[in-house]
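Residue numbers start at 1 and run along the sequence shown. Computed over heavy atoms, backbone and side chain alike; hydrogens, waters and symmetry mates excluded.
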Amino acid sequence: MSHSQLWPDPNGSWNSTWLQDWSNKGYQNGAPLPTRPATLAFPAGRHTITTRMLLQSGDVLRGAGVGQTILYFPNPLSVMLNSPIPPSGQSQFSWQDGVIQVTEKSEAGIEDLTIEFPLTQY
């Protein structure tokens with residue numbers, strides 16, 4: 001009888017190096033989210049954003065509420081990132097970064113807003 005490469009022990013004992021348990025993932029493994037003041041606040045309304053936004057550690061991007069504050073990014077992602085469109089068949093998600101970039105291993109927050117893009121064919 002052969003055994004799965006994900007569960008190779010014939011006795012059935014668990015080894016986290018084979019298949020990790022992600023059930024506790026989230027903010028610091030389920031810790032309550034911290035409450036911080038906004039470092040970049042947008043009031044209610046529709047705001048057109050034409051350049052990439054960068055959030056540093058501890059930054060909080062906050063709106064007046066979902067559907068009340070809308071950040072509208074009118075440019076295609078290739079223009080925003082100054083990067084050509086990925087080759088045919090390659091995922092659009094293969095681009096690094098994005099329209100809102102958060103520095104690596106940063107504890108930044110984005111809350112109470114809506115992000116909108118134009119309806120275009122990719």
(message) Can you give me the closest heavy-atom contact between Gly58 and Thr39, atom names plus distance?
(response) O-CG2, 4.4 Å
(message) To the closest 0.5 Å, what do you measure between CD (Glu111) and CZ (Arg62)?
(response) 4.0 Å
(request) Tell me, please, which residues at least two apart from Gln68 pass side-chain hydrogen bond (donor to acceptor under 3.5 Å, both in side chains). (result) none
(message) Which heavy atom of Pro74 sits nearest to which heavy atom of Thr50, and what is that distance?
(response) CG-CG2, 4.1 Å
(message) Is the shortest side-chain heavy-atom distance between Thr69 and His47 below 4.5 Å?
(response) yes
(request) Answer yes or no: is there a side-chain heavy-atom contact under 4.5 Å between Ile110 and Leu55? (result) yes
(message) So Pro37 and Val60, do their side chains get closer than 4.5 Å, heavy atoms only?
(response) no
(request) Drop me the distance from Leu71's CG to Phe42's CZ, to the nearest 0.5 angstrom. (result) 5.0 Å
(request) Enter the distance from Leu54:CG to Ile100:CD1 here, rounded to the nearest 0.5 Å. (result) 11.0 Å
(request) Write out all pairs satisfying salt bridge (charged side-chain N to carboxylate O under 4.0 Å, His left out) with one or both partners inside residues 31-51, taking only residues at least two apart or from two chains. (result) Arg36-Glu107, Arg46-Glu116
(request) Could you tell me whether the side chain of Val99 reaches within less than 4.5 Å of the side chain of Phe117, counting heavy atoms only? (result) yes
(message) For a 4.5 angstrom cut-off between non-hydrogen side-chain atoms, does Phe73 reach Thr48?
(response) no
(request) Check side chain to side chain contact (heavy atoms under 4.5 Å, CB included) between Thr114 and all other residues, then give those that pass, not counting sequence neighbours. (result) Val66, Ile70
(request) Apply side-chain contact (heavy atoms from CB on, under 4.5 Å) to Met53 and Leu61, showing your working. (result) CA-CA 10 Å; Met53 301 175 77; Leu61 170 60; 4.1 Å; yes
(request) Taking all heavy atoms of Ala44 and all of Ala64, pick out the closest pair and write down the distance. (result) N-CB, 3.7 Å
